[in-house]
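Input: a single structure, listed below in structure tokens.
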Amino acid sequence: MYIVDLHSHSNVSDGILKPEELISYAKEKKVNMIALTDHDDISGLDEARNKAQALGIHFINGVEISVTWRSRTIHMLGLNFDSNNDNLIKGLKSIREGRVERAKKIAYGLAMVGIPNAYEGAKSFASHQVIGRVHFAHFLVSQGYSKNIKSVFNKFMTKGKPGYVDHDWASMEEATSWIRGAGGMPVIAHPGRYDMGSKLYPQFFEEFKNMGGAGIEVISGSQSMNQVDYFAAYSEKHELYASVGSDFHGHGVSHRDLGPLHELPKNTVPIWENF
Ligand code: AMP
Ligand code: MN
Ligand code: MN
Ligand code: MN
């Protein structure tokens with residue numbers, strides 16, 4: 001029996017653990033199929049895969065791509081792709097470059113409220129190329145502007161606050177085609193976070209399916225049991241495979257631990273039947 005977690009982060013993006021440390025922790029938690037899904041970067045996959053092989057864990061290549069759909073930011077996982085695919089590598093690089101431009105704007109917004117040098121500060125908390133809001137949050141906590149990551153987000157890093165700027169990520173079409181082009185499966189991450197309502201969710205999933213979408217993260221660290229049933233119904237209706245992921249970022253950053261929370265509802269088909 002597989003104990004599956006197909007959504008997790010390392011310090012290649014905004015997680016705490018190094019890729020191989022994440023895999024060691026997966027072993028400790030008895031997870032025996034894992035995908036590392038860093039934001040917009042796949043440079044941790046080799047290290048994680050090697051460690052997983054050594055520990056007898058089934059490793060799935062993963063990534064979490066930042067996407068703009070109808071002016072909303074949504075996250076799309078790519079699973080089980082060829083990590084040497086040039087088009088995917090190029091696409092992700094362009095998103096990371098956009099992150100740098102966004103980070104400079106975020107720093108400007110923070111400077112306007114009297115917080116200097118936030119770009120350099122955030123950068124010092126980023127271990128690799130990805131710079132994001134979590135790195136700003138770490139910097140702000142380190143400077144005493146807030147006591148923890150959660151409160152820093154509420155105070156500075158969410159829509160309408162000084163450390164938030166709107167940003168154009170990849171389109172849904174680009175992200176699905178990069179993943180499919182590399183032989184992988186596009187999956188909508190944590191759908192419950194988008195708060196689209198009963199009118200927009202059907203359009204969202206239908207468009208995604210038509211563009212080559214393969215799955216929905218029915219079980220997520222950030223979804224209640226009610227939401228699980230709600231998204232299982234879309235999974236069934238649109239014949240999108242069901243995925244399971246904790247969205248673990250490391251202790252102290254995410255409140256969710258690594259590993260599956262629940263079992264998938266009976267009306268869904270697990271995405272790992274394809275792996
Ligand atoms: P970014 O892609 O740079 O905009 O950052 C998004 C990341 O910030 C998410 O993947 C989470 O890791 C983190 N995040 C978003 N909202 C919150 C929040 N309210 N509290 C803590 N972390 C958050
Ligand atoms: Mn994150
Ligand atoms: Mn996400
Ligand atoms: Mn994530």
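Each ligand, and each atom within it, is numbered from 1 in the order the structure gives. Worth saying up front: this structure is predicted, and the values here are computed from it rather than measured.
- Ile74 and Val130 are not part of a single hydrophobic cluster, where members link through side-chain heavy atoms under 4.5 Å apart.
- Salt bridge annotation for Arg99-Asp41: absent, with no cationic side-chain nitrogen under 4.0 angstrom from a carboxylate oxygen.
- Side-chain polar atoms of His9 and Glu64 form a donor-acceptor pair below 3.5 angstrom.
- In terms of the salt bridge (Lys or Arg N to Asp or Glu O under 4.0 Å) criterion, Lys105 has no residue partners (sequence neighbours excluded).
- Around the Mn ion (ligand 3), protein N, O or S atoms at a distance under 2.8 Å total 3; waters are neither shown nor counted.
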Q.
Apply ring pair (Phe, Tyr, Trp, His ring centres under 6.0 Å) to residues Trp272 and Tyr2 and explain how you reach the verdict.
A. CA-CA 9 Å; Trp272 56 92; Tyr2 279 118; 8.1 Å; no

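- The N, O or S atom of Asp14 lying closest to the Mn ion (ligand 2) is OD2.
- Ion pairing between Glu97 and Lys93 holds under the 4.0 Å rule for side-chain N and carboxylate O.
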